[in-house]
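For the single chain, residues carry numbers from 1 onward in sequence order.
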Amino acid sequence: MAAPEAWRARSCWFCEVAAATTMEATSREAAPAKSSASGPSAPPALFELCGRAVSAHMGVLESGVWALPGPILQSILPLLNIYYLERIEETALKKGLSTQAIWRRLWDELMKTRPSSLESVTCWRAKFMEAFFSHVLRGTIDVSSDRRLCDQRFSPLLHSSRHVRQLTICNMLQGATELVAEPNRRVLETLASSLHTLKFRHLLFSDVAAQQSLRQLLHQLIHHGAVSQVSLYSWPVPESALFILILTMSAGFWQPGPGGPPCRLCGEASRGRAPSRDEGSLLLGSRRPRRDAAERCAAALMASRRKSEAKQTARAAPATRVTRRSTQESLTAGGTDPKRDLHPPATSHEAPGTKRPASAPATTSSASSSTSSSKRAPASSAPQPKPLKRFKRAAGKKGPRTRQGSGAESEDLYDFVFIVAGEKEDGEEMEIGEVACGALDGSDPSCLGLPALEASQRFRSISTLELFTVPLSTEAALTLCHLLSSWVSLESLTLSYNGLGSNIFRLLDSLRALSGQAGCRLRALHLSDLFSPLPILELTRAIVRALPLLRVLSIRVDHPSQRDNPAVPGNAGPPSHIIGDEEIPENCLEQLEMGFPRGAQPAPLLCSVLKASGSLQQLSLDSATFASPQDFGLVLQTLKEYNLALKRLSFHDMNLADCQSEVLFLLQNLTLHEITFSFCRLFEKRPAQFLPEMVAAMKGNSTLKGLRLPGNRLGNAGLLALADVFSEDSSSSLCQLDISSNCIKPDGLLEFAKRLERWGRGAFGHLRLFQNWLDQDAVTAREAIRRLRATCHVVSDSWDSSQAFADYVSTM
């Protein structure tokens, strides 16, 4: 009897609140109702008035509301604001109530966007709170504009931060400064434990303060947090300092920026002091000034960019001043103090045990900067000695560079940047890109001031790195390759349309070095670009050689191979260790996806990759062209003999009209579970003879579960022929059929449905009907889909075939 009495007590309490609320609401609405010209509107229901009052006083009534019976609580939930609706979630679940419909309605009314059709939303509460956090952080939503978003007792950022799994930073790094501010310390701590993916989209040039805030943010979220994936999207003109900062932080490197606050989480030993000389040498490499890799490499790149700008300026001002000013700006943008960098540590390049006399002035960059342009300096300037020609190479030599002047500070940053940016004598100037590639030739990455990874101390690093449409300069590619060579925690790497060019050889070398590291976890590589200096099959062979433990490889090249002009003159061909005729060792590939450029591909090269991939389970060939059907048959025969574990095979945008016997050979393969022929022109020739042969092969295959035939002009006749696969005398176990974009009309689809009903096969799985001519007779199409849904799950769309045809004609 205790439970009914408690229920009755809670109900009485709720009625008392309702009565008081009704009296208060009636007195407030009496005056407006008398003065209304159109007459008084219908008063709110008593329960609604009570619910509004309870929602407005949840700070006092929260515990009582949680204890309400389920039927009453269910009616109150839609009246709560998002903060209390989120807090009451656990209690509602215990009472058998769901808030998903409420969160979905909030999404539709407040976010006003429709989720992608490809996205499957499992929790609308988490999706709403994550989007709400991003909007509040960027200032694109006004929480005071809606009572459901506004509550003085809660912080919008803090309350929603624990639901954020993915955070996107756009444009000028909006939100980074706010997150690292002291008032939002608890927000950042919550994000460090909840955030898994960090995305950057459409980044623009940023100032030093924003980069310093980003440095602290990445340190907290990656090094001391749970972020495992960093993705960069659509950055047409990457800012070198910012890009390299993101890369180095993602790889686990960190050093407090100039004037930045110390990290509270790095331990008591490092709190409140700058890194010592020993720590700096560990992080940045021996014999290097104590600057982080992002600042040093960014300074070199910016100096190179500003050199071209300086050439276009008016000749009135001396070139020395233009170069010095651009160099100082580049150092400032990278977060380095130019005055401090004028005098690096005197012991950084001297032999051990030597001591420089106090009276001996150190060779500084200011001296070299003023002397490198002495020929162009005004006549009144004092004569200076001729500068040292560092980073220059004798014609025709490819070996390591020799530096002149043993006592000079030859690796000083300011001196190096000035020489690269401003020195040009006797036509022997060397571009910064050449310096970068030359550094790799000599295996000396410290040429550009990159960190010496062999002796470095690292923090936690990410496991997934994705770069989409981010052009990589030589300096950026060099930095990426240098980091990759020891990035053992990296599990998945995606490089999509980055304009690597000949830097692909550097990438292959770094991947080979990474594969040799103990504990290497790289198992997935996705590589796509417009051009490649290597043919795609040779590139695939090189990747498989370099990464024998790779499980997933996706590679695409849009245009035929062209020999890019390499950065280093005289080194036009790929290195000998990249390409070779030796056999590929056995690898661990399980999934291989290849997108080919136009032109016939050598089948033996593809077969050599397949023979070495005995564990292959999924193969996808896109736009592949072979010299003859015999070459295609050779590939299929190789699959049958060497790839016994293959389950899924996909062909897209391939002309298989002359390969009908090879297609039948595939359909008779009893090891494949799913076959895709997408836009392969299967029925272009001899459809009347080929369709019965194809159906007969499928009826005898009991292992094939899925067949995808989009874009093959199947038509009504072909669809009705396929219906025989599900006849009573068939041993086929086909449960997924994709006939999208096959010119199927409503009457043919209706007849197909009737045949399935006649044979009574029951539900056979999924049927996809996208982009067919079903709009020509909507009534018949609806009837056909209704009948089909009794036997299978139908997925279709409302496609306007007439408009699609008009769009097609307009592009002809």
Side-chain angles (χ1 to χ4, degrees), residues 117-118 650 652 656-657 663 667 674-699 701 704-730 732-809:
S117 59
L118 302 178
S650 175
H652 174 73
L656 301 182
V663 172
L667 294 176
E674 181 179 306
I675 303 179
T676 299
F677 298 102
S678 175
F679 295 90
C680 290
R681 303 164 64 177
L682 283 182
F683 312 109
E684 185 175 288
K685 297 182 179 179
R686 300 189 316 112
Q689 294 79 17
F690 177 60
L691 270 170
E693 297 174 350
M694 179 177 175
V695 170
M698 293 175 60
K699 291 174 66 175
N701 192 332
L704 188 64
K705 307 296 182 182
L707 179 64
R708 304 179 186 274
L709 301 171
N712 285 285
R713 302 185 65 85
L714 188 63
N716 285 354
L719 178 62
L720 297 179
L722 281 182
D724 194 35
V725 175
F726 306 100
S727 61
E728 297 176 351
D729 61 341
S730 174
S732 172
S733 57
L734 194 68
C735 57
Q736 293 186 4
L737 180 62
D738 187 353
I739 50 176
S740 303
S741 304
N742 269 292
C743 309
I744 296 173
K745 298 180 181 180
D747 55 342
L749 187 63
L750 180 60
E751 181 62 26
F752 178 76
K754 291 179 179 179
R755 293 193 181 186
L756 293 184
E757 290 178 346
R758 187 184 314 128
W759 289 319
R761 283 289 301 269
F764 71 85
H766 290 73
L767 179 65
R768 298 173 64 90
L769 295 169
F770 291 111
Q771 296 185 356
N772 279 298
W773 297 351
L774 303 182
D775 58 327
Q776 295 184 358
D777 188 347
V779 176
T780 305
R782 284 195 297 267
E783 175 63 18
I785 293 177
R786 185 189 66 80
R787 288 172 175 263
L788 285 171
R789 283 176 177 164
T791 60
C792 60
H793 177 67
V794 181
V795 183
S796 184
D797 59 353
S798 56
W799 188 59
D800 188 355
S801 59
S802 60
Q803 182 60 43
F805 182 75
D807 294 340
Y808 172 76
V809 172

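Judged purely by atom type and a 3.5 angstrom limit, Asn716 has no side-chain atom pairing as donor or acceptor with the backbone of Asp747. Using modelled atom types, no side-chain atom of Asn742 and backbone atom of Gly715 make a donor-acceptor pair closer than 3.5 Å. A donor-acceptor contact shorter than 3.5 Å links the side chain of Asn772 to the backbone of Cys743.
A heavy-atom distance below 4.5 Å is not found between the side chains of Thr676 and Asp738. Using a 4.5 Å heavy-atom cutoff, the side chains of Trp799 and Phe770 are not in contact. In this structure, the side chains of Leu691 and Leu714 come closer than 4.5 Å at one or more pairs of heavy atoms. Cys680 is listed as a side-chain neighbour of Asn712, based on a closest heavy-atom distance under 4.5 Å.
For the side chain to side chain contact (heavy atoms under 4.5 Å, CB included) criterion with Leu737, the lone passing option out of Leu769, Leu767, Val725 is Leu767.
More than 12 heavy atoms of other residues, nucleotides or ligands shown are found within 6.0 angstrom of CZ on Arg787.
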Inset, instruction - Please report the C-alpha distance between Arg708 and Gln736 in whole Å, then the side-chain angles of each, then the deciding distance to 0.1 Å, and finally whether the side-chain contact (heavy atoms from CB on, under 4.5 Å) criterion is met. - result: CA-CA 8 Å; Arg708 304 179 186 274; Gln736 293 186 4; 3.3 Å; yes
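In this structure, Phe679 and His652 have perpendicular ring planes: the angle between them is above 60°, well past the 30° mark.
Of the inter-residue distances, the one linking Ser730 atom OG with Asp724 atom CG reads 7.5 Å to the nearest 0.5 angstrom. In this structure, CD on Glu751 lies 10.0 Å from CG on Leu756, to the nearest 0.5 angstrom. To the nearest 0.5 Å, the span separating CG on Leu667 from CD1 on Ile675 amounts to 5.0 Å. The line from NZ of Lys745 to CG of Leu750 is 15.0 Å long, rounded to the nearest 0.5 Å. From Phe752, atom CZ reaches atom CZ of Phe726 across 5.5 Å, with rounding to the nearest 0.5 Å. Atoms CG and SG, from Leu704 and Cys735 in turn, are 9.0 Å apart once rounded to the nearest 0.5 Å.
Across all non-hydrogen atoms, the minimal contact from Leu774 to Ala781 is O-CB, 3.5 Å. Smallest separation of non-hydrogen atoms from Pro692 and Pro687: CD-O, 4.2 Å. Nearest heavy-atom pair across Ala784 and Pro746 is CB-O, 4.4 Å. Across every non-hydrogen atom of Met698 and Ser732, the tightest pair is O-CB, 3.5 Å. Summarising the geometry of Leu720 relative to Gly748, their closest heavy-atom pair is CD2-O, 3.8 Å, with the distance given to 0.1 Å.
Under 3.5 Å, the side chains of Ser740 and Gln771 contain no donor-acceptor pair of N or O atoms.
The existence of a salt bridge linking Arg786 and Glu783 is confirmed by a sub-4.0 Å separation between a basic side-chain nitrogen and an acidic carboxylate oxygen.
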